[in-house]
Amino acid sequence: MLKEYGKYIILILVCSIICLSVSAIVTIKLSSRMDTAEEETRQIIASARREESDQLRELREEDKIIEFKEPVQMAETTEVVLGQEAVINNTLTDASDSDDYIYQSTFTDAEMASLNDAPVDEEIQESNIEKNGKTVYLTFDDGPSDHTDEILDILDEYGVKATFFVVEEDGRHAKELKEIADRGHTIGIHSKSHIYSEIYADIDSFKADVEGVHDWVLSVTGIDTRYYRFPGGSSNNVSQVSIGECIEYLKSEGYEYYDWNAMSKDAENYYLTADELTENAMTFIRANEGDSIVLLHDLDEHYTSVESLPGLIEQLTQEGYSFDQIDDDTYPFHHYISSDNN
């Protein structure tokens with residue numbers, strides 16, 4: 001009898017040992033798998049953070065736009081939701097039901113600093129620029145030309161009105177002249193020929209030059225313009241007739257003349273780059289205490305003038321300048337007239 005019980009006891013002990021061994025093995029394997037899972041999770045998190053960092057870097061390098069939704073309530077910690085638009089918030093108090101996101105994650109302080117340096121929507125950025133109280137008048141001499149339409153397109157794109165002091169040049173650009181008027185820009189008189197020896201030979205030659213280009217503008221556009229710019233400026237040293245006498249004639253006919261106090265020097269050097277032309281103009285404009293009348297050119301051989309225009313407008317906008325076209329209320333900046341020309 002005892003032997004029978006002994007066999008059962010031994011069998012039970014063996015089964016218990018086997019069960020304990022299996023349990024230990026299972027526990028070890030589960031622990032190992034948990035460790036592996038934790039490691040995989042850490043890798044996934046690390047990979048996600050690297051992707052976040054890469055995307056932030058791409059935002060800076062590719063100059064992508066980040067738009068901000070309406071303000072939401074901020075708490076102590078900050079999370080960023082990136083997607084079609086970017087929202088800085090932690091609780092999405094006012095936009096918790098928004099579908100405009102792809103993923104949500106918490107950024108480190110360094111990553112948040114990088115995000116703050118990312119470019120913002122140009123329209124929003126521009127609206128936040130404080131105006132400096134100064135106005136810039138972009139003026140184009142010597143046109144119309146083969147480039148006039150492109151200049152007009154650029155001005156339209158930025159919502160800027162300008163002034164064109166035109167040259168008749170046998171009337172071959174009448175279509176472009178009409179386009180200047182149709183798009184709402186100011187047209188002023190510059191010259192019929194722009195040949196100094198003919199314009200300034202004597203007072204009668206000067207009058208004929210003014211009347212010739214005036215009549216051309218009137219016949220093409222219907223505009224009886226009374227804005228004038230001297231070829232070479234009112235302080236030029238090439239005139240054989242007294243500039244003072246020329247001014248008296250202009251005043252008697254109801255004209256006002258406009259010189260300039262800033263220029264890009266695009267007519268002085270054909271080899272200046274667009275960036276150099278912009279910097280030249282900005283140097284003059286920044287130095288002016290008040291408004292600036294900027295001398296630019298609209299000539300077939302001056303395509304860099306066209307190339308520089310977007311950059312100039314953007315730089316002026318960023319620095320808080322306003323734009324306007326010459327009209328009857330514009331202060332007529334005049335150059336100094338030397339005694340030799342009086």
Under a 4.0 Å threshold between the charged nitrogen and the carboxylate oxygen, would [Y] count as salt-bridged to [X]?
{"X": "Glu319", "Y": "Arg286", "value": "yes"}
{"X": "Lys251", "Y": "Glu256", "value": "yes"}
{"X": "Asp153", "Y": "Arg183", "value": "yes"}
{"X": "Lys178", "Y": "Asp149", "value": "no"}
{"X": "Lys207", "Y": "Asp209", "value": "no"}

If two hydrophobic side chains count as joined below 4.5 Å and joins carry through other members, does [X] share a cluster with [Y]?
{"X": "Trp260", "Y": "Leu250", "result": "no"}
{"X": "Val210", "Y": "Phe230", "result": "yes"}
{"X": "Ile326", "Y": "Phe323", "result": "no"}
{"X": "Ile154", "Y": "Leu277", "result": "no"}
{"X": "Tyr137", "Y": "Met263", "result": "yes"}

Polar side-chain atom of [X] near backbone of [Y] as donor-acceptor pair, under 3.5 Å:
{"X": "Thr330", "Y": "Asp327", "result": "yes"}
{"X": "Ser219", "Y": "Asp215", "result": "yes"}
{"X": "Ser239", "Y": "Val241", "result": "yes"}
{"X": "Glu279", "Y": "Ser264", "result": "no"}
{"X": "Thr304", "Y": "Thr273", "result": "no"}
{"X": "Lys134", "Y": "Ile285", "result": "no"}

With rounding to the nearest 0.5 angstrom, report the [atom1] to [atom2] distance, [X] to [Y].
{"X": "Asp141", "Y": "His302", "atom1": "CG", "atom2": "NE2", "answer": "11.0 Å"}
{"X": "Asp146", "Y": "Arg172", "atom1": "CG", "atom2": "CZ", "answer": "6.0 Å"}
{"X": "Leu295", "Y": "Glu268", "atom1": "CG", "atom2": "CD", "answer": "8.5 Å"}
{"X": "Ile203", "Y": "Cys246", "atom1": "CD1", "atom2": "SG", "answer": "4.0 Å"}
{"X": "Ile243", "Y": "Ser235", "atom1": "CD1", "atom2": "OG", "answer": "8.5 Å"}
{"X": "Asn132", "Y": "Ser322", "atom1": "CG", "atom2": "OG", "answer": "7.0 Å"}

**Request:** Applying side-chain contact (heavy atoms from CB on, under 4.5 Å), run through Ile189 and Phe165 and close with a yes or a no.
**Result:** CA-CA 5 Å; Ile189 290 171; Phe165 290 100; 5.9 Å; no

Grab the two heavy atoms, one from [X] and one from [Y], that are nearest each other, plus how far apart they are.
{"X": "Ala181", "Y": "Ile223", "result": "CB-CD1, 3.8 Å"}
{"X": "Ala274", "Y": "Ser308", "result": "O-CB, 3.4 Å"}
{"X": "Val220", "Y": "Ala174", "result": "CG1-O, 3.5 Å"}
{"X": "His173", "Y": "Ser145", "result": "CE1-C, 3.5 Å"}
{"X": "Pro144", "Y": "Asp298", "result": "CA-OD2, 3.7 Å"}
{"X": "Gly133", "Y": "Asp291", "result": "O-OD1, 4.3 Å"}

Residue pair [X] / [Y], side-chain heavy-atom distance below 4.5 Å:
{"X": "Leu152", "Y": "His185", "result": "yes"}
{"X": "Thr186", "Y": "Tyr227", "result": "yes"}
{"X": "Tyr255", "Y": "Thr225", "result": "no"}
{"X": "Pro231", "Y": "Tyr200", "result": "yes"}
{"X": "Leu312", "Y": "Met282", "result": "yes"}
{"X": "Leu177", "Y": "Trp216", "result": "yes"}
{"X": "Val213", "Y": "Val167", "result": "no"}
{"X": "Lys265", "Y": "Glu276", "result": "no"}

**Check against side-chain hydrogen bond (donor to acceptor under 3.5 Å, both in side chains), Ser205 and Asp202** = CA-CA 5 Å; Ser205 298; Asp202 51 47; 2.9 Å; yes

**Request:** Decide side-chain contact (heavy atoms from CB on, under 4.5 Å) for Glu211 and Lys192; before the verdict, give the C-alpha distance in whole Å, the side-chain angles of both, and the deciding distance to 0.1 Å.
**Result:** CA-CA 8 Å; Glu211 292 170 0; Lys192 182 177 176 63; over 6 Å; no

**Item:** Worked check of side-chain contact (heavy atoms from CB on, under 4.5 Å) between Leu309 and Ile151
**Value:** CA-CA 8 Å; Leu309 187 55; Ile151 291 174; 4.0 Å; yes

**Asked** Does a sphere of radius 6.0 Å around CG in Asp204 hold more than 12 heavy atoms from other residues, nucleotides or ligands, not counting ones at 6.0 Å or beyond?
**Response**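 More than 12 heavy atoms, drawn from other residues, nucleotides or ligands, come within 6.0 Å of this atom.
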
Polar side chain donor-acceptor pair, [X] to [Y], under 3.5 angstrom:
{"X": "His297", "Y": "Asp266", "value": "yes"}
{"X": "Thr283", "Y": "Asn280", "value": "no"}
{"X": "Asp324", "Y": "Thr135", "value": "no"}
{"X": "Gln240", "Y": "Tyr196", "value": "no"}
{"X": "Asp275", "Y": "Thr278", "value": "no"}
{"X": "His214", "Y": "Asp224", "value": "yes"}
{"X": "His147", "Y": "Asp300", "value": "no"}
{"X": "Tyr321", "Y": "Gln315", "value": "no"}

**From CA spacing to verdict: side-chain contact (heavy atoms from CB on, under 4.5 Å), Leu138, Thr163** = CA-CA 6 Å; Leu138 301 179; Thr163 302; over 6 Å; no

**Prompt:** Taking the six-membered ring where the residue is Trp, are the ring centres of Tyr331 and Tyr258 under 6.0 Å apart?
**Reply:**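 Between Tyr258 and Tyr331, which both carry aromatic rings, the centre distance is not below 6.0 Å.
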
**Item:** Pair Tyr257 + Tyr228: ring centers closer than 6.0 Å
**Value:**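 Judged by ring-centre distance (under 6.0 Å), Tyr257 and Tyr228 do not meet the cut-off.
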
**Asked** Should the ring pair Phe164 and Phe140 be called parallel, tilted or perpendicular, given that the plane angle runs from 0 to 90° and is split at 30 and 60?
**Response**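 The rings of Phe164 and Phe140 lie parallel, inter-plane angle below 30°.
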
**Message:** Go through it in stages, so that I can follow the logic: the residues are Arg229 and Asp259, the test is salt bridge (charged side-chain N to carboxylate O under 4.0 Å, His left out), and I'd like the CA-CA distance, side-chain angles, deciding distance and then a yes or no.
**Reply:** CA-CA 6 Å; Arg229 173 168 286 167; Asp259 288 312; 5.6 Å; no

